[in-house]
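This report concerns only the one structure given below.
Fair warning: this is a prediction, and the values are worked out from it, not measured in the lab.
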Amino acid sequence: MATIMMEKIGRLFISLQQIREVPRILTEAAPSMPGTVRDVEVPCYFRERFVSTGYRPLNQNWRYYFLSLFQRHNETINVWSHLLAFLIVLMKLKQLSETVDFVNDPHSWPLFVLILSSLVYLAFSVLAHLLGGKSELYHYVFFFLDYVGVAQYQYGSAIVHFYYAVDESLHSYMKGIFMPLATFLSCLSCLGCCYGKYCNHRLPSWVRKVCQVVPSALAYIWDSSPVAKRLLSWSADSSDPAILYHFGQVAFFLSCSVFFTFPVLESCLPGRCDFIGQSHQIFHVFLSCCTLCQIHASYLDFIGRRELYSGLHGSGESALFVGLYVLTLVVCALIVAFMLTKVRQLFNYKNKSK
């Protein structure tokens, strides 16, 4: 038995060593890939505070930015953290689809919307951090998409919280207004993030943070109110299997909101977090953990609270909520289209003034 275990550990060690060699192999296969540059060599709105090196040069071909997935730069951790989370959520969807009828059971549709919105925001985040450094225009395009991903994920959170986690007393007060207001706040969050990014070229960075944080905070407070009430009324005597994961998602979200708002580590160690240790990287990891806790908590609510939520939500209500999700996507797409016209006007003005 000991010999077999040693052989398995040896194979695992060899596999890990081979994985660690992938970046070197790709670098040797593409020796013409340019190295990274300093912050002074990229436009100011590409720069992150207290991060001085590791920026990829602009205006390279698409192949360079795709291959930079395996290159050491200051966006590597941001890309990989959400790429790995995307794969984990995808595996979770495959696992749940073996026991949950996402097609014929309307009560499962909110859970599917949450998982779908999680996959979308993770995918858009990966694209933004991987490809957003190609040029000024694509920087705006991909990060606007990233904000669409955040907004529709906020709606995905709202739908499962209101559908599965709400209790009877809160439902009686919020019925008819909760999901429409969640839709509005998600779209407002998208608009605030896009406008903050658009103004970043001429206004201080704190203005962008305010535009991004305030609408997102309002959306989170509203979307999570059913979970908050449930957590506040929880007692140690209750046997609620989902409560621990609801506590987890709240704790992870509050933690990641701190790291999103404030450059905690890099401000204390300027120049030493250029590759790893940036607050945004920690934000990515905590947000991924928040999403995984949220999905599992919602699944446990879907299984364990069916008698409650099936009595609260009438027939056709889940289809209406799915329709509001589609409406959220459409409105966010229109917001992005409008903001991109503003960006093009800005570029035309800058070109004419040269």
Side-chain angles (χ1 to χ4, degrees), residues 33-86 119-153 189-202 205 208-209 211-212 216 260 263 266 273-276 278-281 283-285 287-288 332-333 335-344 346-347 350:
M33 287 183 64
T36 57
V37 298
R38 296 188 60 83
D39 53 353
V40 294
E41 300 178 66
V42 297
C44 58
Y45 45 83
F46 280 76
R47 304 171 193 169
E48 296 294 334
R49 286 190 297 168
F50 309 108
V51 177
S52 55
T53 62
Y55 295 91
R56 290 166 296 171
L58 276 67
N59 301 316
Q60 306 297 311
N61 56 44
W62 285 109
R63 175 175 171 271
Y64 164 71
Y65 296 100
F66 279 108
L67 286 179
S68 69
L69 178 65
F70 305 101
Q71 186 185 25
R72 180 188 173 101
H73 52 81
N74 57 26
E75 292 282 20
T76 302
I77 306 299
N78 287 328
V79 173
W80 276 100
S81 57
H82 274 178
L83 179 58
L84 292 176
F86 176 88
L119 291 171
V120 170
Y121 99 76
L122 289 167
F124 284 179
S125 174
V126 169
L127 290 176
H129 288 283
L130 183 64
L131 306 177
K134 178 173 173 57
S135 68
E136 296 181 40
L137 176 60
Y138 284 113
H139 181 77
Y140 285 105
V141 169
F142 284 112
F143 275 95
F144 285 174
L145 282 179
D146 187 23
Y147 303 145
V148 172
V150 171
Q152 56 89 49
Y153 171 62
S189 175
C190 180
L191 177 61
C193 290
C194 290
Y195 183 76
K197 171 64 74 174
Y198 167 73
C199 290
N200 197 39
H201 68 282
R202 57 186 175 85
S205 60
R208 180 187 67 178
K209 288 295 183 183
C211 292
Q212 293 175 338
S216 297
F260 177 81
E266 57 266 47
C273 300
D274 293 354
F275 173 64
I276 190 170
Q278 299 166 33
S279 295
H280 197 82
Q281 296 169 352
F283 159 75
H284 269 212
V285 174
L287 185 58
S288 300
C332 288
I335 290 172
V336 167
F338 170 74
M339 293 306 302
L340 283 177
T341 60
K342 302 287 289 183
V343 169
R344 291 192 181 94
L346 174 65
F347 286 167
K350 287 171 62 177

**OP:** Look at the side chain of Gln71 and the backbone N and O of Pro34, then say whether any donor-acceptor pair between them is shorter than 3.5 Å.
**Re:** yes
**OP:** Please test Leu58 against Lys134 for side-chain contact (heavy atoms from CB on, under 4.5 Å), starting from the C-alpha separation and ending with a verdict.
**Re:** CA-CA 5 Å; Leu58 276 67; Lys134 178 173 173 57; over 6 Å; no
Original post:
If you look at every heavy atom in Tyr198 and Lys342, which pair is closest and at what distance?
Top reply: CE1-O, 3.7 Å
Subject >> Nearest heavy atoms of Asp146 and Tyr121, plus distance in Å >> reply: OD1-O, 4.4 Å
**OP:** Please test Ser52 against Asp274 for side-chain hydrogen bond (donor to acceptor under 3.5 Å, both in side chains), starting from the C-alpha separation and ending with a verdict.
**Re:** CA-CA 7 Å; Ser52 55; Asp274 293 354; 3.2 Å; yes
Original post:
What closest approach, in Å, do Leu69 and Thr76 show between heavy atoms, and which atom pair accounts for it?
Top reply: O-CG2, 4.4 Å
Original post:
Can you tell me if Arg56 uses its side chain to pair, donor with acceptor, with the backbone of Leu130 under 3.5 Å?
Top reply: yes
Subject >> salt bridge (Lys or Arg N to Asp or Glu O under 4.0 Å) partners of Glu136, counting only residues at least two apart >> reply: Lys350
Original post:
Are side-chain heavy atoms of Tyr138 and Tyr65 found at a separation under 4.5 Å?
Top reply: no
Subject >> Residue list, side-chain hydrogen bond (donor to acceptor under 3.5 Å, both in side chains) with Glu48, at least two apart or on another chain >> reply: none
Original post:
side-chain contact (heavy atoms from CB on, under 4.5 Å) between Asn74 and Phe275: does it pass, once the steps are laid out?
Top reply: CA-CA 5 Å; Asn74 57 26; Phe275 173 64; over 6 Å; no
Subject >> Pair Thr36-His73, side-chain hydrogen bond (donor to acceptor under 3.5 Å, both in side chains): steps then yes or no >> reply: CA-CA 7 Å; Thr36 57; His73 52 81; over 6 Å; no
**OP:** Would you please test Tyr55 and Glu75 for side-chain hydrogen bond (donor to acceptor under 3.5 Å, both in side chains) and show each step?
**Re:** CA-CA 8 Å; Tyr55 295 91; Glu75 292 282 20; over 6 Å; no
**OP:** Side-chain contact test, heavy atoms from C-beta onward, threshold under 4.5 Å: evaluate it for Tyr153 versus Leu122 and give yes or no.
**Re:** no
